[in-house]
Amino acid sequence: MTKSIQIKLINNSRAIRIFTTLLFGFICLPAFADFNPAAGGDELDRFLSPRMLNVGDFGLINEYPSSGVINPAAPAAEQRVHLDASYINVSDFANKISNAHVINLGGIYPSPAGVAGANLQFLHSRQQSFNVGTMLRLLTSFSKEVYDTIDVGAGIDFAIGYGDQLDWSLTGKLGIIHSLENTIDIPGARYGIAITGLGKWFQGNTIFGPYPSPFTPVLEFGFSPVITEKIQWDVFTKLSFPSFQNVRTAVGTELIIARFLRVGGGINLDLKSILNNPSSAGNYLPSIGLDVQFSTDIDTEKSAVASQQGWTKSDIRVRAGAAPLPLDTWAIGAGVNAALGVV
């Protein structure tokens, strides 16, 4: 009996070592690969909405479904259905070229089981500073509150596209967001951790490596230095390590006035891009944007569907944003986000 238990323990120990070795190899694989993503290949999530474009692609901002793409735990606490649509154009002002386009459609749906989200993104560009070819991405997430201060989430992303070759990807992502308001004396303090790019990566061009970069850990921290009845000031910071071969950092901020107007901006720094184009102003200039919110009050007699779903009173946000890219290129976008119903 004792001998059989020993054999079983040895077999379990071997299985654990094999699993650990395979996991370590899977994690470290990108570090030994040639890191050469297409220009703009790591900016795709920033083009999910005009608000992401101006503040930054943070999983901690209440921008749904876009924030759930960055950190799949982001929508966990949301109780309303959100619908989102936007268009972003990338213009090379130096060469007077404006033939790069991004279209986004998405939403989230809360239920007792959790919050499901999806974003459909179409991109087309062959500009020097944004050379991703033609892509169609379906980005999903599912999140859940597990404690009052902890949200978790997971997601699956699918992409198909063409640069100089047809390729596809199917990757997973994991995320957690932890509120620190009850732990430290900083209003709105919270942090998020996410790991993205787990699986089969996209490589639509033979001269570039995979993009977006595989296996990317993302660390975020956000807080609100000022919260009053009429004004709120939010600050977000982010640090990511694409394939463990690059360092990207971002600082974004928003000033919210009377829940009606949001004015935002941010700075995104990419070490690889700075080293490749140190004199390009687009690597250092801030992004800018604004967001106007208004509420609807639909007559219940005119819309049975809205009345049945509790959507007669909703919040509509119209937004615009602009962000610099290297080589005198700017991305400019506009869109609308609807939070249906009241909480």
Side-chain angles (χ1 to χ4, degrees), residues 27 30-31 35-63 66-74 90 129-130 132 173-178 180 184 186 188-197 209-225 233-255 264-289 321-327 329-331:
I27 290 173
F35 182 75
N36 184 33
D42 282 333
E43 299 281 1
L44 301 188
D45 291 346
R46 196 178 175 195
F47 295 138
L48 286 167
S49 80
R51 191 174 170 207
M52 290 276 183
L53 197 63
N54 75 74
V55 179
D57 52 343
F58 296 100
L60 294 180
I61 67 175
N62 59 342
E63 175 74 359
S66 302
S67 58
V69 175
I70 313 303
N71 186 322
V90 182
S129 61
F130 187 43
V132 297
K173 58 195 174 191
L174 301 170
I176 182 172
I177 293 177
H178 184 198
L180 301 174
I184 60 178
I186 300 178
R190 60 204 183 278
Y191 70 86
I193 301 173
I195 300 175
T196 65
Y211 56 94
S213 295
F215 198 86
T216 299
V218 182
L219 309 175
E220 297 184 43
F221 181 76
F223 64 103
S224 303
W233 176 29
D234 295 333
V235 177
F236 309 95
T237 61
K238 177 178 178 178
L239 189 63
S240 64
F241 305 91
S243 299
F244 288 108
Q245 298 191 64
N246 191 17
V247 179
R248 291 169 56 86
T249 186
V251 177
T253 186
E254 276 189 318
L255 182 65
I267 295 178
N268 287 260
L269 301 176
D270 183 305
L271 180 60
K272 183 176 185 293
S273 181
I274 291 173
L275 293 176
N276 289 341
N277 301 284
S279 61
S280 176
N283 284 320
Y284 315 101
L285 291 175
S287 53
I288 55 174
L325 297 174
L327 306 177
T329 302
W330 279 80

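Because the structure is predicted, anything quoted here is derived from the model rather than measured.
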CA sep, side-chain torsions, deciding dist, call: R190, L60, side chain to side chain contact (heavy atoms under 4.5 Å, CB included)
CA-CA 8 Å; R190 60 204 183 278; L60 294 180; 4.1 Å; yes
Intermediate values then yes/no, side chain to side chain contact (heavy atoms under 4.5 Å, CB included), I193 and H178:
CA-CA 9 Å; I193 301 173; H178 184 198; over 6 Å; no
Roughly how far, to the nearest 0.5 Å, is the CG atom of N62 from the OG atom of S66?
11.0 Å
So D57 and E43, do their side chains get closer than 4.5 Å, heavy atoms only?
no
Report yes or no: does N268 contribute a side-chain atom to a donor-acceptor pair with the main-chain N or O of G56 at less than 3.5 Å?
no
Pairwise distance CG(N277) to NZ(K272) - rounded to 0.5 angstrom
9.0 Å
Scanning both residues in full, the closest heavy-atom pair of G321 with L53 reads O-CD2, 3.5 Å
Please step through side chain to side chain contact (heavy atoms under 4.5 Å, CB included) for the pair M52 and V69, ending with a clear verdict.
CA-CA 11 Å; M52 290 276 183; V69 175; over 6 Å; no
Identify the heavy atoms of G59 and A74 that sit nearest to each other, and give their distance.
O-CB, 3.2 Å
Within this structure, what is the CG-OG1 distance for the pair L219 and T237, rounded to the nearest 0.5 Å?
9.5 Å
Between atom CD1 of I267 and atom CG of N283, what is the distance when rounded to the nearest 0.5 Å?
12.0 Å
Check the surroundings of atom CH2 in W330: do more than 12 heavy atoms from other residues, nucleotides or ligands lie under 6.0 Å from it?
yes
Main-chain N/O of K173 paired with T196 side-chain donor or acceptor, under 3.5 Å
no
Can a donor-acceptor pair be found between the side chains of D234 and S224 at a distance below 3.5 Å?
yes
For the side chain of T249 and the backbone of K238, is there at least one donor-acceptor N/O pair under 3.5 Å apart?
yes
For V247 versus P242, what's the shortest heavy-atom pair and its separation?
N-CD, 4.4 Å
Tell me if a side-chain donor or acceptor on N54 pairs with a main-chain N or O of P50 at a distance below 3.5 Å.
yes
Tell me if a side-chain donor or acceptor on E63 pairs with a main-chain N or O of R51 at a distance below 3.5 Å.
no
With D270, which residues qualify under side-chain hydrogen bond (donor to acceptor under 3.5 Å, both in side chains), at least two apart?
N246, R248
All side-chain hydrogen bond (donor to acceptor under 3.5 Å, both in side chains) counterparts of Y284, not counting sequence neighbours
none
Let me confirm one number: the OG1-CZ distance from T329 to F130, rounded to the nearest 0.5 Å.
10.5 Å
With a 4.5 Å cut-off on side-chain heavy atoms, are T253 and W233 touching?
yes
Once rounded to the nearest 0.5 Å, what's the spacing between atom CZ of F223 and atom CG of L180?
12.5 Å
Shortest non-hydrogen contact between F244 and P217, atoms and distance:
CZ-CG, 3.6 Å
Which of these, S213, S240, S273, S243, sits in a side-chain hydrogen bond (donor to acceptor under 3.5 Å, both in side chains) with D42?
S213
